[in-house]
Amino acid sequence: MGLLDGLLGNASKIEPAQIQQEFSKVLAPGEQVEHAYKLIRDYFVFTDKRFVIVNKQGLTGSKVEYHSIPYRSITHFSVETAGSFDLDAELKIWISGTPTPIQTQFNKQLSIYEVQAVLASYVLR
């Protein structure tokens with residue numbers, strides 16, 4: 001992911017093994033990181049048990065908020081593919097009890113279809 005992509009809010013895929021150690025503090029026994037996507041300093045993670053949004057705060061990013069969402073709390077989601085002139089795809093996820101969806105933009109380097117398939121595999125269990 002280039003700096004410009006990060007500044008524009010585009011997500012990129014990261015290897016789960018890269019953040020498994022950092023996540024060991026917040027994972028349940030036996031829980032595994034399976035997919036992860038990064039947005040500048042923040043990222044979101046699909047484990048085998050939940051969806052986690054990681055918000056690194058402050059100038060140094062030493063303060064971290066882990067927002068855990070059980071897959072059963074995701075009421076619906078949508079994807080908007082990139083077009084000829086609009087180069088970014090978008091993923092929206094609605095959580096029960098919140099009227100506004102979580103929105104993330106993806107550049108063409110990361111397949112929105114891949115992310116949607118990962119999300120669907122967990123939500124539709």
So Tyr122 and Tyr71, would you call those rings parallel, tilted or perpendicular, with 30° and 60° as cut-offs?
parallel

Taking NZ, NE, NH1 and NH2 as the nitrogens, is one of them in Lys56 or Glu22 under 4.0 Å from a carboxylate oxygen of the other?
yes

Joint cluster assignment, Phe44 & Ile102, ILVMFWY side-chain distance < 4.5 Å:
yes

Euclidean distance, Leu119 CG relative to Phe77 CZ, rounded to 0.5 Å:
4.5 Å

Is there a donor-acceptor pair closer than 3.5 Å between any side-chain N or O of Gln20 and the backbone N or O of Val33?
yes

Salt-bridge present (Glu114, Lys13; N to O < 4.0 Å):
yes

Please work out which of the three classes, parallel, tilted or perpendicular, describes the rings of Phe46 and His35, given edges at 30° and 60°.
perpendicular

Measure up the Tyr43 and Phe23 rings against each other and bin them: parallel (under 30°), tilted (30 to 60°), perpendicular (over 60°).
tilted

Got a second to check how far Asn55's CG is from Gln57's CD, nearest 0.5 Å?
4.5 Å

For the CD atom of Glu34 and the OG1 atom of Thr47, what is their distance to the nearest 0.5 Å?
7.0 Å

Nearest 0.5 Å, what's the CZ-OG distance between Arg50 and Ser73?
12.0 Å

Within the side chain of Asp48, is there an N or O that forms a donor-acceptor pair under 3.5 Å with the backbone of Glu31?
no

Return the CD1 to CD1 distance between Ile95 and Ile69, rounded to the nearest 0.5 Å.
4.0 Å

Might you point out which heavy atoms bring Lys38 and Ile14 nearest each other, and give the distance in Å?
CB-CG2, 3.9 Å

Pairwise distance CD1(Ile93) to OG(Ser78) - rounded to 0.5 angstrom:
9.0 Å

